[in-house]
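Presented below is the structure to which this report refers.
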Amino acid sequence: MAHVLAVSPRALSAAGEPPFAALALLAHTVRAMAPDTSIVTESGRADVIVLDGRTDLASARQMCRLLASAGSDTPILLVLGEGGLAAVTPEWGVRDIALDAAGPAEFDARIRLALRDTVGRGVVTAGGLVIDEPAYQASLDGRVLDLTYTEFELLKYLAQNPGRVFSRETLLADVWGYDYYGGTRTVDVHVRRLRAKLGVENESLIGTVRNVGYRFIPDVGRGDAA
């Protein structure tokens with residue numbers, strides 16, 4: 001599930017209708033706003049921007065320029081009427097284009113592709129594990145894991161560095177932060193909880209290096225915890 005910012009002159013419709021009917025049928029979290037300078041601030045809270053260029057191409061282009069000048073890296077999905085296709089050039093900086101006739105399935109596919117191609121904001125995959133940073137969700141073999149904030153951060157940190165061994169002190173500093181005053185025992189406790197949530201057949205994804213610490217082993221034979 002992604003956080004979608006829908007930017008459209010129709011965002012303030014008196015009838016309360018969503019600017020893109022197809023988005024309302026998807027599981028994504030959608031926030032609508034009118035095209036104005038606050039898009040720069042709001043873009044930092046979104047995974048994808050769906051920008052309405054159906055009725056006002058000049059305004060849509062202005063929003064693209066504004067985001068580019070602010071250094072925003074949030075991917076833009078531009079929605080156009082067929083007649084607007086000729087006006088769009090690479091200088092607009094949009095990630096993808098959809099016609100206004102697109103249905104929910106097409107919108108969903110284009111949003112997922114935009115997320116996949118987003119550098120630094122994408123999805124970590126390893127050993128059947130999928131960590132979706134934008135959605136703050138982790139799943140294993142299609143099963144969503146019910147993780148606390150710290151468990152998620154610890155699992156993400158290990159999975160982003162497969163095979164690398166981390167001492168408890170390093171994990172405590174990098175995941176909990178240098179201002180954390182607890183002992184390294186808390187790392188062991190969180191690893192134990194993570195393994196329990198991964199399940200007996202998958203707990204070996206987090207391996208123990210005796211007298212050193214832990215590492216993530218995506219290609220290890222499952223069921224043989226170190």
Side-chain angles (χ1 to χ4, degrees), residues 1-125 130-139 142 144 149 152 156:
M1 184 178 70
H3 293 277
V4 178
L5 180 63
V7 182
S8 171
R10 304 181 190 182
L12 303 179
S13 169
E17 298 176 352
F20 304 101
L23 288 180
L25 300 175
L26 301 177
H28 305 300
T29 300
V30 181
R31 184 180 184 280
M33 65 169 287
D36 58 44
T37 56
S38 63
I39 190 175
V40 173
T41 301
E42 296 301 326
S43 68
R45 306 186 182 112
D47 302 316
V48 179
I49 297 170
V50 179
L51 179 60
D52 191 349
R54 295 173 293 182
T55 59
D56 193 342
L57 274 173
S59 175
R61 185 179 184 185
Q62 183 181 12
M63 292 299 99
C64 290
R65 287 178 170 176
L66 186 60
L67 288 166
S69 65
S72 172
D73 62 353
T74 305
I76 301 171
L77 172 59
L78 178 63
V79 183
L80 297 172
E82 191 168 350
L85 290 173
V88 181
T89 66
E91 285 70 28
W92 283 53
V94 300
R95 183 63 56 83
D96 201 354
I97 293 173
L99 292 177
D100 56 0
E106 182 175 341
F107 266 94
D108 190 46
R110 292 185 184 279
I111 288 171
R112 285 187 282 107
L113 288 172
L115 287 174
R116 182 199 66 182
D117 295 335
T118 301
V119 177
R121 295 166 57 98
V123 176
V124 178
T125 60
V130 177
I131 299 177
D132 188 337
E133 285 192 79
Y136 231 82
Q137 177 177 286
S139 61
V144 175
Y149 172 82
F152 179 87
K156 180 181 73 173

Closest non-hydrogen contact found for Thr74 with Ser43 is OG1-O, 2.9 Å

Sorted by chain and residue number, the side chain to side chain donor-acceptor pair (under 3.5 Å) partners of Asp36 (sequence neighbours excluded) come out as Ser38

Notebook entry, point to check: Is any side-chain heavy atom of Pro9 less than 4.5 Å from a side-chain heavy atom of Pro35?
Noted result: yes

For Asp52 and Ser8 the tightest heavy-atom approach is OD2-OG, 2.7 Å

Between the CZ atom in Phe20 and the CZ atom in Arg10, the distance rounded to the nearest 0.5 Å is 8.0 Å

CD1 of Ile39 to CD of Gln62, rounded to nearest 0.5 Å, is 10.0 Å

Heavy atoms of Ala22 and Pro104 approach each other most closely as CB-N, 3.8 Å

Would you mind reporting whether Val50 and Val30 have side-chain heavy atoms less than 4.5 Å apart?
no

Is any side-chain heavy atom of Val40 closer than 4.5 Å to a side-chain heavy atom of Leu66? yes

Distance col, row Trp92:CH2 vs Leu51:CG, nearest 0.5 angstrom, shows 8.0 Å

Which of Val7, Leu77, Val4, Leu78 passes side-chain contact (heavy atoms from CB on, under 4.5 Å) with Ile49? It is Val7

Rounded to the nearest 0.5 angstrom, the CE-CG distance for Met63 and Asp56 is 9.5 Å

Do the side-chain N and O atoms of Asp108 and His28 include a donor-acceptor pair separated by under 3.5 angstrom?
yes

Where do Ile111 and Leu23 land on the side-chain contact (heavy atoms from CB on, under 4.5 Å) test, with the steps shown first?
CA-CA 10 Å; Ile111 288 171; Leu23 288 180; 3.9 Å; yes

Those residues at least two apart in sequence (or on a different chain) that pass ring pair (Phe, Tyr, Trp, His ring centres under 6.0 Å) with Phe107 are none

Shortest non-hydrogen pair, Val94 vs Cys64, comes out as CG1-SG, 3.8 Å

Distance col, row Asp47:CG vs Arg112:CZ, nearest 0.5 angstrom, shows 14.5 Å

The reported gap from OG1 in Thr37 to CD in Glu42 (rounded to nearest 0.5 angstrom) is 10.5 Å

Side-chain (Ser72) to main-chain (Ala68) donor-acceptor, under 3.5 angstrom: no

Applying side chain to side chain donor-acceptor pair (under 3.5 Å) to Glu91 and not counting sequence neighbours gives Thr89

Between Gly53 and Ala60 the two heavy atoms that sit nearest each other are CA-CB, 3.9 Å

**Prompt:** Less than 4.5 Å apart, any side-chain heavy atom of Val88 and any of Ile97?
**Reply:** yes

Salt-bridge criterion met for Arg54 and Asp100 (N-O under 4.0 Å): no

- Validation row: Arg45, Leu5 side chains within 4.5 angstrom (heavy atoms): no

